[in-house]
Amino acid sequence: MGSWSSSVTASMRVASNARRITRPRSVRHHSALAQPQARPAPSTPAKTDPYVLLAPHLEKMRTSLITLLGSSHPSLNAIAQYYFLHPSKQLRPLLVLLFARATNGLGAEFPQVNWAADNARGRQQELDAPLSRKDILCDWNPSMPDHTASFESAFELHIPPPQPSYIPPPPLLHQTHSQALTHALLPTQLRLAQIVEMIHVASLLHDDVLDKSPLRRGAPSAPAAFGNKLAVLGGDFLLGRASAALSRLGSHEVVELIASVIANLVEGEILQMKGSGSEAAPSPSSSASGAIDLKDIHSSPSPSSSDKWSIYLKKTYLKTASLMAKGARAAVVLGGCREGEVWKEVAYAYGRNLGIAFQLIDDTLDFSSSTAQLGKPGFADLRLGLATGPALYAAEEFPELEAMIERRFGKDGDVERALTLISSSRGVERTRELARIHAEKAREVLALLPRSEARDALEGLTEGVVKRRW
């Protein structure tokens, strides 16, 4: 597969036109001059570009997602949609859709969920319909005027009308099912892709407040553009809309998976601030106002070197890989995979390993790429007092880094000295190697899936996340 940045750039152009583009297949031949008697080697097909494969679906997902974000407050509209209007990798929804295509038709309950997509709440129009009455929800969305309510008059008791009777699926539907890929996507899986992207963007809004980041995706961050209060409220609003959409998917297991991701994101952020998982909670009376002082969190005894690595990788899972792993697993569950079937285990193992590889590479780019390439300030982790993979590896070569890590690079000159030592070490190189190990593990589990374009694209992603430069 080509470089990550070129693939994403190409996908944006393709998605904007909402059409498929067929990439030429590359063919290698042995040199006729070097080996005049040699037969040509078999042609080697190019890796399937996941962004090209799913371009129409990604474009539809993005445009219809905006309609889910409308509110009665113009400022809330602007902040909720802000990051969606800037180019992004869309990796998390991409994984949801690729695993849907790679497994739909394999699960024992696929006939039922496929039937529901045409006859029950799994239909696209039903996913926008509230489970409770609109006058109960009071959730204003100008993009969906039929789903809102008014306060122009006092609330009247409503006697609910008779509801249409439940239409069960045809009996013995599963007996007509032959296990084979359909290469199709269900409306619930497309909505899930939107939900995971909404949760991801909500986490970015909150992260940029906590990290005081001035840039995101090459533009002013939401806190810089709108202020911290609106950025926090915008993230909360996205989580609320994502939760409502999640409830309409009709799967308790998927609700549990994705709800746990939100808890993981919070736990990961706290773990990052603490730097250890064993500290006592700060006292509520740590200040006159009763507010928690983050200095109390940071002042605990430092963990050992091995503990630092364990905490770092756990934090990496909680903040990054959890959403990828559980989003991919949820997609397979929505495709009718039952407990005991291997397909959702493949999805989780792939997403977990790929997510960790992705973040490890992200941590190296903080040292090896420019602000223009990253779309956010370079060396941000050190300035925030965070020791990521390159710094932890560098400390094994230069022990003086240990003291800087313990004080979170808080002393004058620490950041500059740490950068010098990390640049002189093999920290970045070794972190990239660790990322390659995780990416290879992700690729290995795909062998359990039948060969398809989607599986080929997933294999290509394991190379792309490691080779990317932004």
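Here, residue 1 is the first one in the sequence, and each next residue gets the next number.
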*Asks:* Any donor and acceptor pair, going by atom type alone, linking the side chain of T67 with main-chain N or O of S64 inside 3.5 Å?
*Replies:* yes
*Asks:* Do the non-hydrogen side-chain atoms of S368 and L365 ever get within less than 4.5 Å of each other?
*Replies:* yes
*Asks:* Working to the nearest 0.5 Å, report the span between CZ of F367 and CG of L382.
*Replies:* 4.0 Å
*Asks:* Show the numbers, then the answer: is there a salt bridge (Lys or Arg N to Asp or Glu O under 4.0 Å) between R248 and E126?
*Replies:* CA-CA 8 Å; R248 297 166 189 159; E126 293 292 332; over 6 Å; no
*Asks:* Just by modelled atom types, is the A387 backbone N or O under 3.5 Å from a matching donor or acceptor in the Y312 side chain?
*Replies:* no
*Asks:* Is the backbone N or O of F84 less than 3.5 Å from a side-chain atom of S88, with the two atoms forming a donor-acceptor pair by type?
*Replies:* no
*Asks:* Taking A100's backbone N and O only, do any of them form a donor-acceptor pair with Q189's side chain (distance below 3.5 Å, no angle check)?
*Replies:* no
*Asks:* Taking the six-membered ring for Trp, are the ring centroids of Y393 and W309 within less than 6.0 Å of each other?
*Replies:* yes
*Asks:* When you compare the side chain of M61 with that of P93, does any pair of heavy atoms fall below 4.5 Å?
*Replies:* yes
*Asks:* What's the verdict on side-chain contact (heavy atoms from CB on, under 4.5 Å) for S213 and D207, showing C-alpha distance, side-chain angles and the deciding distance?
*Replies:* CA-CA 8 Å; S213 178; D207 278 355; over 6 Å; no
*Asks:* Strictly below 4.0 Å, N to O, side chains only: are R426 and E397 in salt-bridge contact?
*Replies:* no
*Asks:* Between E339 and K344, is there a side-chain N and carboxylate O pair less than 4.0 Å apart?
*Replies:* yes
*Asks:* Look at the side chain of R191 and the backbone N and O of A245, then say whether any donor-acceptor pair between them is shorter than 3.5 Å.
*Replies:* no
*Asks:* How about L323 and H200: do any of their side-chain heavy atoms sit closer than 4.5 Å?
*Replies:* yes
*Asks:* Indicate yes or no for a side-chain donor-acceptor contact from D49 to the backbone of Y51 under 3.5 Å, with no hydrogens or angles considered.
*Replies:* yes
*Asks:* Would you name the heavy atoms of I405 and A395 that are closest together and state the gap between them?
*Replies:* CD1-CB, 4.0 Å
*Asks:* If you define the side chain from C-beta out and look only at heavy atoms, does anything of L94 sit under 4.5 Å from L461?
*Replies:* yes
*Asks:* For D128 versus L68, what's the shortest heavy-atom pair and its separation?
*Replies:* OD1-CD2, 4.1 Å
*Asks:* Under a 4.0 Å N-O cut-off, is there an ion pair linking E396 with R430?
*Replies:* yes
*Asks:* Quick one: pull up CG in L65 and CG in L190 and give me the separation to the nearest 0.5 Å.
*Replies:* 11.5 Å
*Asks:* Would you give the length of the straight line joining atom CG of L360 to atom CZ of R432, rounded to the nearest 0.5 angstrom?
*Replies:* 10.5 Å
*Asks:* Is it true that D363 and T388 share a donor-acceptor pair across their side chains at a distance under 3.5 Å?
*Replies:* no
*Asks:* For atom CD of E256, is the number of surrounding heavy atoms from other residues, nucleotides or ligands below 6.0 Å larger than 12?
*Replies:* no
*Asks:* With a 4.0 Å cut-off, would you call K314 and E267 a salt bridge?
*Replies:* no
*Asks:* For the side chain of S425 and the backbone of I422, is there at least one donor-acceptor N/O pair under 3.5 Å apart?
*Replies:* yes
*Asks:* Treating Q359 as the side-chain partner and T316 as the backbone partner, does any N or O pair qualify as donor plus acceptor under 3.5 Å?
*Replies:* no
*Asks:* Side-chain donor-acceptor pair under 3.5 Å between K212 and N228, yes or no?
*Replies:* no
*Asks:* Write down the atom of L257, the atom of K326, and the distance for their closest heavy-atom approach.
*Replies:* O-CD, 3.5 Å
*Asks:* Charged N to carboxylate O under 4.0 angstrom, K315 versus E269?
*Replies:* no
*Asks:* Do D456 and T48 have side-chain N/O donor and acceptor atoms under 3.5 Å apart?
*Replies:* yes
*Asks:* Restricting to non-hydrogen atoms, name the atom on A442 and the atom on L354 that form the minimum distance, rounded to 0.1 Å.
*Replies:* CB-N, 4.0 Å
*Asks:* Atom CG of L205 and atom CG of L233: how far apart are they, to the nearest 0.5 Å?
*Replies:* 10.5 Å
*Asks:* Would you confirm whether D208, through its side chain, and S221, through its main-chain N or O, come within 3.5 Å as a donor-acceptor pair?
*Replies:* no
*Asks:* Are a donor atom and an acceptor atom from the side chains of E440 and N353 found within less than 3.5 Å of each other?
*Replies:* no
*Asks:* If you define the side chain from C-beta out and look only at heavy atoms, does anything of L318 sit under 4.5 Å from L265?
*Replies:* no
*Asks:* Examine R468 relative to F358 and say whether NZ or CZ is less than 6.0 Å from the centre of the six-membered ring and inside a 45° cone about the ring axis.
*Replies:* yes
*Asks:* Under a 4.0 Å threshold between the charged nitrogen and the carboxylate oxygen, would R101 count as salt-bridged to E453?
*Replies:* yes
*Asks:* First locate atom CG of L271, then atom CG of N264, and finally report the distance between them rounded to the nearest 0.5 Å.
*Replies:* 11.0 Å
*Asks:* Return the minimal non-hydrogen interatomic distance between A457 and L98, and the atom names on each side.
*Replies:* CB-CD2, 3.9 Å
*Asks:* Please check if the side chain of R417 supplies one atom and the backbone of M404 the other of a donor-acceptor pair under 3.5 Å.
*Replies:* no
*Asks:* One pair to check against side-chain contact (heavy atoms from CB on, under 4.5 Å): L95 and V196. What are the steps and the verdict?
*Replies:* CA-CA 10 Å; L95 290 179; V196 299; over 6 Å; no
*Asks:* Does Y350 have R329 sitting over its ring (NZ/CZ under 6.0 Å from centre, angle to axis within 45°)?
*Replies:* no
*Asks:* Could you check if a side-chain atom of V254 sits within less than 4.5 angstrom of a side-chain atom of L246, using non-hydrogen atoms only?
*Replies:* yes
*Asks:* Could you go step by step and tell me if S71 and F237 meet the side-chain contact (heavy atoms from CB on, under 4.5 Å) rule?
*Replies:* CA-CA 9 Å; S71 85; F237 178 73; 3.8 Å; yes
*Asks:* Return the CD1 to CD1 distance between I437 and I356, rounded to the nearest 0.5 Å.
*Replies:* 12.0 Å
*Asks:* Which pairs count as ring pair (Phe, Tyr, Trp, His ring centres under 6.0 Å) when at least one residue sits in residues 204-227, sequence neighbours excluded?
*Replies:* Y82-F226
*Asks:* Could you check whether any side-chain heavy atom of S75 comes within less than 4.5 Å of a side-chain heavy atom of L230, counting everything from C-beta outward?
*Replies:* yes
*Asks:* Of the non-hydrogen atoms in N77 and L69, which two are nearest, and what is the gap between them?
*Replies:* OD1-O, 3.7 Å
*Asks:* So do R92 and T320 actually touch side chain to side chain, heavy atoms under 4.5 Å?
*Replies:* yes
*Asks:* For the pair R455 and F99, evaluate side-chain contact (heavy atoms from CB on, under 4.5 Å) and give the outcome as yes or no after the intermediate values.
*Replies:* CA-CA 8 Å; R455 180 185 130 175; F99 265 102; over 6 Å; no
